[in-house]
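Some notes on the structure that comes next.
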Amino acid sequence: MQYWLFKTEPNVFSIDDLKNSPKATCFWEGVRNYQARNLLRDSIQKEDLVFIYHSRIEPLGIVGIAKVTKSGYPDPFAFDKNHKYFDPKSKLESPTWYGVEVTFVEKFSRTITLKEMKETTGLDKMMLTQKGSRLSIQPVSEKEFKIIQKLAAK
DNA sequence: GCCAACGTTGGC
DNA sequence: GCCAACGTTGGC
């Protein structure tokens with residue numbers, strides 16, 4: 001079992017949108033970065049836990065937890081010519097882009113802000129707190145996951 | 001296969 | 001909204 005962090009812009013898709021989805025479940029679509037694709041396709045497994053991170057809009061930070069309910073499969077929107085995530089490079093027989101299915105687990109009673117995480121001992125090596133870290137699908141260590149869970153329980 | 005130009009992400 | 005830090009593209 002592994003831990004991850006998925007970034008999303010809450011005005012596009014927030015943790016509340018996930019919660020309000022049918023069965024509180026959705027396909028994490030539209031990732032168009034090869035490093036993130038590799039994680040979605042090869043590394044992220046069913047039952048893994050995922051921090052949902054709100055980017056771009058204040059307050060920046062982790063807002064809750066989701067669970068992976070289906071491991072990597074091809075992003076169908078990459079094949080849809082009329083969809084904004086269409087990519088002619090992605091072929092049915094050799095898909096370029098992948099996603100996973102996630103299900104809402106919990107929303108924290110407060111946002112664990114980026115600022116707070118930067119100031120927390122033990123999170124200084126976390127990918128998220130590094131300068132210029134833009135990867136939208138990031139690995140989180142068990143230690144980091146536990147520290148953040150503890151912050152959320154405060 | 002280098003690298004300049006361009007596009008995107010995301011904190012501030 | 002600005003712009004630094006990345007990623008990608010395409011001419012050579």
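Computed from a predicted structure; not experimentally measured. A note on names: the letters A, B, ... follow the listed sequences, proteins ahead of strands, and every chain is numbered from 1.
- Proximity note for A/Ser136 (side chain, C-beta onward) versus C/dG7, B/dG10, C/dA5: the nearest is B/dG10.
- The pair A/Arg37-A/Asp75 does not meet the salt-bridge criterion, since no charged nitrogen lies less than 4.0 angstrom from a carboxylate oxygen.
- Checked against the 6.0 Å centroid criterion, the rings of A/Trp97 and A/Tyr34 qualify as a close aromatic pair.
- Rounded to a whole Å, the CG atom of A/Leu114 is 18 Å from the P atom of B/dT9.
- In this entry the distance linking CG of A/Asp87 with P of C/dG7 reads 18 Å, nearest Å.
- Here A/Tyr53 reaches the OP1 or OP2 of B/dG11: one of its side-chain N or O atoms lies under 4.0 Å away.
- Residue side chain A/Arg56 does not reach the base of B/dT9 through any donor-acceptor N/O pair under 3.5 Å, judged by distance alone.
- Taking the six-membered ring for Trp, A/Trp4 and A/Phe51 have ring centres at least 6.0 Å apart.
- For the pair A/Leu135 CG and C/dG7 C1', the computed distance is 11 Å after rounding to whole Å.
- Nucleic acid contact for A/Lys118: sugar-phosphate only, since backbone atoms but no base atoms lie under 4.0 Å from a heavy atom of the residue.
- In terms of phosphate contacts, A/Lys131 brings no side-chain nitrogen or oxygen within less than 4.0 Å of OP1 or OP2 of B/dG11.
- If you check the side chains of A/Glu101 and A/Thr69, you find a donor sitting under 3.5 Å from an acceptor.
- Rounded to an integer number of Å, the gap from A/His54 NE2 to B/dC12 P is 18 Å.
- Distance CZ (A/Arg134) to P (B/dG10): 7 Å, rounded to an integer number of Å.
- Between the CZ atom of A/Arg32 and the C1' atom of B/dG7 there is a distance of 16 Å, given to the nearest Å.
- A straight line from NZ of A/Lys7 to P of C/dG7 spans 11 Å, rounded to a whole angstrom.
- A/Tyr85 places its OH atom 13 Å from the P atom of B/dT8, with the value rounded to the nearest Å.
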